[in-house]
Amino acid sequence: MKHRDLIKLFEKNGRYFLRDGGRHDIYTNGKSSEPIPRHREINENLAKALIKKYGLK
């Protein structure tokens with residue numbers, strides 16, 4: 001999955017950019033935060049796990 005597609009999915013579901021990490025962008029909804037790797041392509045298994053974990057649609 002492309003990085004920008006996963007970010008759009010996070011933002012569409014109420015998460016917003018909090019800060020930069022070392023090699024990750026940190027997104028939050030105000031209660032919990034999740035690091036997203038800053039690569040052009042994100043491992044498909046990781047993307048599926050994040051989508052399932054947060055119930056993103």
Side-chain angles (χ1 to χ4, degrees):
M1 175 176 258
K2 296 216 179 269
H3 178 262
R4 65 176 171 247
D5 294 336
L6 186 60
I7 295 304
K8 285 180 185 178
L9 192 58
F10 263 70
E11 291 175 345
K12 179 181 167 187
N13 285 279
R15 295 193 167 263
Y16 58 91
F17 178 77
L18 180 63
R19 64 182 174 86
D20 287 327
R23 294 185 178 127
H24 294 74
D25 292 329
I26 311 299
Y27 279 79
T28 186
N29 64 353
K31 297 178 183 174
S32 65
S33 60
E34 184 67 38
I36 306 294
R38 201 179 305 124
H39 305 292
R40 287 180 190 237
E41 286 289 327
I42 295 178
N43 184 317
E44 203 61 38
N45 292 331
L46 174 62
K48 286 180 183 179
L50 290 173
I51 290 169
K52 184 177 178 180
K53 180 178 179 180
Y54 294 109
L56 305 177
K57 296 182 181 193

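The first residue in the sequence is number 1, and the count goes up from there.
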(request) For side-chain contact (heavy atoms from CB on, under 4.5 Å), just list the numbers for Phe10 and Ile36, CA-CA rounded to whole Å, side-chain angles, deciding distance to a tenth of an Å, and then say yes or no. (result) CA-CA 10 Å; Phe10 263 70; Ile36 306 294; 3.7 Å; yes

(request) Kindly state each residue pair satisfying salt bridge (Lys or Arg N to Asp or Glu O under 4.0 Å) with at least one member in residues 11-22, sequence neighbours excluded. (result) Asp20-Arg38

Determine all donor-acceptor pairs shorter than 3.5 Å in which one atom belongs to a side chain in residues 41-52; sequence neighbours excluded.
from	atom 1	to	atom 2	distance (Å)
Glu41	OE2	Lys2	NZ	3.1
Asn43	OD1	Asn45	N	2.8
Glu44	OE1	Met1	N	2.9

(request) Any ring pair (Phe, Tyr, Trp, His ring centres under 6.0 Å) involving residues 18-37? Give me the pairs, sequence neighbours left out, ordered by first then second residue. (result) Phe17-Tyr27

(request) Identify the two heavy atoms, one from Lys57 and one from Asn13, that lie closest to each other, and give their separation to 0.1 Å. (result) O-ND2, 3.4 Å

(message) Would you compute the distance between atom CG of Leu6 and atom CG of Leu56 and round it to the nearest 0.5 angstrom?
(response) 7.5 Å

(request) Applying side-chain hydrogen bond (donor to acceptor under 3.5 Å, both in side chains), name anything that partners Lys53, two or more places apart in sequence or on another chain. (result) Glu34

(message) My understanding is that a hydrophobic cluster links ILVMFWY residues whose side chain heavy atoms are under 4.5 Å apart, including indirect links. Using that, what else belongs to the cluster containing Leu18?
(response) Ile26

(message) Minimum heavy-atom separation for Tyr54 and Ser33, please, with both atom names.
(response) OH-O, 4.1 Å

